[in-house]
Each structure stands twice: as structure tokens, then as C-alpha cells.
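Contents: one structure, followed by commentary.
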Amino acid sequence: MTTNSAGVLADTASYAAAVEEATQAAAAYYATGESTLDDDAYDRLARGIAAYEAEHPQEVLAASPTGKVAGGAAIGDVPHTVPMLSLDNVFSAEQFVTWTASVERRIGRPVAAWSVEPKLDGLAVAARYQRGRLDRLITRGDGTAGEDVSHAIGTVLGLPERLNEPATLEVRGEILMTDEQFDAANAARTAHGAAPFANPRNGAAGTLRAKDRPYRVEMTFFAYGALPLPDSGASAEALTTLPHSEVLRHVAGLGVHTAADTAVAPRTAGTVEEVQTGVEDIAGQRATLPFGIDGIVIKADLAADQRDAGTGTRAPRWAIAYKLPAVEKVTRLLGVEWNVGRTGIIAPRAVLEPVEIDGSTVGYATLHNPADITRRDLRLGDQVMVYKAGDIIPRIEAPVAHLRTGEERPIEFPQSCPQCGSEIDTSEQRWRCVRGRDCRLVASVSYAAGRDQLDIEGLGATRVVQLADAGLVADLADLFTLEREQLLGLERMGETSTDNLLAAVETARSRPLSRVFCALGVRGTGRSMSRRIARHFATMDRIVAADTEALQRVDGIGKEKAAAVVAELAELAPLIAKLVAAGVNMTEPGATPPPDPGTEADEERAGAEGVSEGAGGTGLPLDAMTVVVTGAMTGVLEKLSRNEMNELIERAGGKASSSVSKRTSLLVAGEKAGSKRTKAEGLGVRIATPDEFAELIGSFLG
Ligand code: IVH
């Protein structure tokens, strides 16, 4: 049988083969984390087996994974004080509502409160603390007994060897690798000649079991529960009677890590509707979380509700996992394309055997740079684990090394620029054509003319190609010296198109500095960063004169980025001079430049900004406010793109952000505002309609 084992099993033989495959996959999964199936394929197989067994109860094999914790595969000999159970699953809002009704029927009253929390995608462990000292670490195993992995004590972030108090208790939770830890782990492994882990979960499983590795690999613990141990004394009562949410807070207070400090912090909900909102919010954060979640766990919060709902053999009846669609699939790496970006960066892109993930077909994935390929030991023909969630660009997590056949071939790196054949500058991690922007003249000029930059209507890529081919445009600045006669001489350029284009170029000449700067396409400075730079320095002269130290005073620019910007600006100096000569505006309306570098006032200002950025007492309506915009704008704001809204916010002294958090000062919520609005309501963030916002910023709208 293969990974695409269908859900329907036709006869005894296919049933037996399916049980065999599932048992082997589960054994590999729990032993080394090296399952031959991705989660989706395993779930399909398990569902097929369960369906066959429901129809043919007399044929059920003893080895069947159905109804067993960990598919019956896990091993271990340390008994658990209280069984470590699994969770039942629901896959839709309807199933969830049915489930809540069944819990309430069972307890004979509404559930007083629910806890809604992320389902962390790692490995369950029990951490036994005796008088505040971490004494033993045990895997879930088969739920009744687990494996002693105490050798890992001291290597897991968030699982301290000593608590803040001499408490005796068992903390339960999940050990996982964050994306960063996973990348570091695979870099260390490949550097030591070991095969990379296919995904963070496998990484955590493999690392937790391993002893005596020549390199150190870090993992993170998230607690999701706690229970008393025989010597817990007086605190035992509290652990068994407090609401679950309080237990989590208590555990965090002892110094153990929980999800409380993440964007998907556990929350309590009074009604099923509130639970749904929480579920949607957590699901919406999934793509941008720095660690993997595969669902949302909903638990009755009160101990009394849990007790009355009771527990089955495999899972408690007071909790459920609301599963999210699988975002990982295994597919084949067919090839690597090398594309030259607008700034001359040569970026590899993986060509994949198309695979359906989370509702869309994935045929490509990003590969950051050549070093990234080497570090991850990717080879052509490899089976690779691909991750895609929400709108994020799909990425390859790693090759599934144990599926290699020996037929895989090395990935060849280009010897010369695939666009123009020039030499490649390989001195940095990201390779670049030595001609830089000139290599991609059309792409860089089209980018500069784009809506969020100079917004030159009628100047699409086709027209830029035409202008470049005719020798009229060799860089961005040439656009501003185009003459009517030259344009009229081109094919498909009548009087009207010519005049329109010239008028659009004329308008572009007086765009604010933020847009002109953005049009330069300095690497690492998109729209919002360009605005911050322009507002900070107020004139192009000052930006160009800024050293790395001065640049770092701009919010969001660190040492590395500052150095990169300074280097690029030096490279762009001739182009900037040419733009100045062509009469292009180089100032930011409304921005006050910082005092001259080196003066005392400057030092003071820098200090003040370090403490509380933006709180400059500017008298602007959004001074020191962080503003998020969501939903469709109406009224006077109706026609503004999100970028234009953000520009407006920043002109009015605020900081534009795309996500709601405790630090958000104001949410502008238009029509069809969804989870951001709910989140803002939950956090008590001030909310304004587009009209109210327009009134607030008044004159800045002009
Ligand atoms: S509660 C008795 N909460 O999911 C309650 N489990 O598929 C059992 N998991 O074995 C666990 N995040 O390893 C709980 N917030 C969370 C969780 C969580 C991940 C894991 C846990 C469990 C498995 C069941």
C-alpha cells in the first residue's frame, strides 16, 4: 500500500494491509518521528480502518490502531499516576456544537465556562516536580505508562529545573520545536552529517529520545495542565478543585512556560459563540505563529463540570480537539528554478509535484538562498515535507531523508546570472547579479511605477519593455526626461496615450519622499519602512547622509538592516542624483527633520526615542498611537487602498500596524470587519468606524 491509501477498504486483505501499514507508521512516528505517512494520509488510513471495522466487527484484528492511544504503538515502563489521555476530535462548527450539547446533556446543566487554547503540535510529556525540583520527565507512551526521558532535563526551554517555590506536582504539556529551533536543529544535524528532521514535530520526537548527541538541540515546553502527586500535601486540593484556567496561571507563576505569552494565549469563554470566536482567532493566527499548532483544544474550565462529564478510556468527555486542516504534505522536489528579482537578487524556487494543501494546489515553494539548500541537504527527487498555512508562501521544511532511494541528485547552482549571463556576486548569503538592478531594468522600473510607489498610470511592464528596447529608459530617472516626440515615435503610442503618460509622470514628480524612496526599491525597505525613514529624515539629502547609527534611530531598523541600507544607498547615489536633477521631489510633507547629527539635542532625542518611540508630543492627532485598519472603508475613505490608509495614519503622527494586540491604541473597523474586531473587543481596544476616524484626523485627509 502507498501513502494515498484511499478511505474505502474493499476486502479482508486490504483491511489487513491497512492495519499493518498504520501500525508500522504509528510505530515509526512514536519511536523516531519518522513516519512514512504525513498526518493527513495517516488519518485517512485510520478512518478507513475504523469504517471497515464498523461494518465487519467480527474481523477486527488485535493489532488494529482503532481506539488506542498513540495507535497502540508507544512504549514505556514508567506508570502514570493518572492516565495521560488523548482527545476526541471535531472537524467543523456543527460537530463542535453537537459535542457541547452532549456534554451539557451528560452533566444536566450548561457548562459554566470553557477554556479555549491552542493544540500544540509536539509530544506530550509529564514533568514531575518534587519540592520544586524537576525530578522526572516521562513521555505519554500508551497513556498508562511512558518512557523515562529525564536525560532531557535541562535542555528544554520553559521547563525549569527549579520552580519558584518548593512545590510538588506533575505538570503536563507539550514539548515542541519552534520554527527557529527546528532550523537550528537541522543546520546542526546536517553539519554533523546526520539526516535532517522532516518537520518540527519529528525533530522534537527524535531529540527527546536521543542521548549523547555531539551537538545540542534546543526545544520548548508549553504546559497545558497540572495535577497533584502523592506528596503534594495541601496544594493537592487546589490543583484538583481550581478551574483549569487558574491551574494554568498557577503553573505559569511557578516559572513553567505556558502559551499565555503567545498570540494564541488560552482564553475563557462563557458561551458556545464566544468559544467559536476564540477558535476563529486562534485559527487565524496559525500561519504567523513561530511554532506549529494543529487545532484548538476546548475544555470545560470548572473542575466540577469536568468531574461530572467524566472520562472515557481513550479521552476525557470534558475536552475536545477542534482540528484544523493539515498544513503539511509530503511531495517530490522536481527541480529548482533560479529567478532574478528586481534588485538583482538570484533566488532559488522549488518546483514541486503539485500537491493539495489546505484547500489549494501547491506547485512551488520558497528556498531562501543557496546556503539554505546546502544547510538543509536538499536533493532533486527528494520527498520533501511542504508547509503552507493561510496566505503564507509555501515552504519546504526538510527532505524526508528516510524515504530516499539513492536516485536523488544534487541541486546545481548557477555559474552565471540566469537573466543576463553576467557574473554572480556570491559574497553574501543571497546571491546577486553583479549588474544589480540594471539586470532587471524592466522589473525595477515597473515596481517604481506601481500604485504604492510613484503610481504612474499607464506604465505597466509592457510599456517599460517598449521604452527600454527603444533605448529611451535605462533607469528610473530617465522616465522624468521623456519627451513627447520620443514617445509619439513608438508603436501603439498615439497622442492621447502619450499625453496621459506624460501627465502621469508629471504628477509622479511631486510624490512625497516616502514614495520616491520606496520606488528606489532599497532591499529590506518596503512601503511602511520607507514611510518611517522618510518621516524620520524629512529629506533625501539627510537619508543619504545618514550613517548606520542615525538609521538605527528609525523604528524597526536594527544594526544589520542599517548597514545594508547604507551600502545600497551608496550604490544608488548616482540614480538619486539623476532624479534630483530631473526635478523629482525629495522632501516629505509635514515631517520635521531631526537636528543635525552630533549635536547634544540629537543625542537627547535619540535617548528619548529609545525609551518610548513615537511619543514625541508632536501635537498630531494620532501622536504616539498604534492604529490598525480592518474591513472595507466607507465614506470619504472608501477609495483608499490599505497602503494609503497606512500613509494617512503615519502622516497624522500614528504608527500603522496590521495586527491587533494589547499595544493597539485604535482599530478602524470598516464593513465586514472580522476577527481583528473581535480581538480588539476582547482586549478592550478602542474601535472607530471609518467616518469617526476621518473626523479624528480631519485636515490630514486633504
Ligand atoms: S489536554 C486529558 N491541551 O494533544 C486532556 N492536550 O490529541 C488531554 N495537546 O495528548 C490533553 N495541546 O499531547 C491538551 N492545549 C492542549 C494541548 C494538548 C496539545 C496534545 C496532547 C494530547 C494530544 C491529543
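All ligand and atom numbering here is 1-based and tracks the order in the structure.
In Lys119, the parts holding a heavy atom less than 4.0 Å from any atom of ligand 1 are both the side chain and the backbone. Proximity of Arg140 to ligand 1, defined as any heavy-atom pair under 4.0 Å, is confined to the side chain (atoms from C-beta onward). Contacts between Pro118 and ligand 1 below 4.0 angstrom, taking non-hydrogen atoms only, involve the backbone exclusively. The residue Met84 has no part lying near ligand 1, judged by heavy-atom distances below 4.0 Å.
By the 3.5 Å distance cut-off applied to N or O atoms, Trp318 is not counted among the residues near ligand 1. Below 3.5 Å of separation, one finds no N or O of Pro316 facing any N or O of ligand 1. Below 3.5 Å of separation, one finds an N or O of Leu120 facing an N or O of ligand 1.
Between Leu667 and Val660 there is a side-chain heavy-atom pair separated by less than 4.5 Å. Side-chain atoms of Thr168 and Ser232, non-hydrogen and from C-beta on, do get closer than 4.5 Å to each other.
Residue Val297 approaches ligand 1 through these ligand atoms, each under 4.0 Å from one of its heavy atoms: 3 (N), 15 (N), 16 (C), 17 (C). Within ligand 1, the atoms closer than 4.0 Å to a non-hydrogen atom of Glu117 are 3 (N), 15 (N), 16 (C), numbered from 1 in the order shown. Set against the non-hydrogen atoms of Leu85, the atoms of ligand 1 under 4.0 Å away are 8 (C), 10 (O).
Not a single heavy atom of Ala321 lies less than 4.0 angstrom from ligand 1. Put simply, no part of Ala259 is less than 4.0 Å from ligand 1, judged by heavy atoms.
Ring planes of Phe291 and Phe222: tilted class, angle from 30 to 60°.
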Run the salt bridge (charged side-chain N to carboxylate O under 4.0 Å, His left out) test on Arg209 and Glu147 for me, step by step, so that the C-alpha distance in whole Å, both residues' side-chain angles and the decisive distance to 0.1 Å come before the verdict. CA-CA 9 Å; Arg209 287 216 158 70; Glu147 200 182 332; 2.7 Å; yes
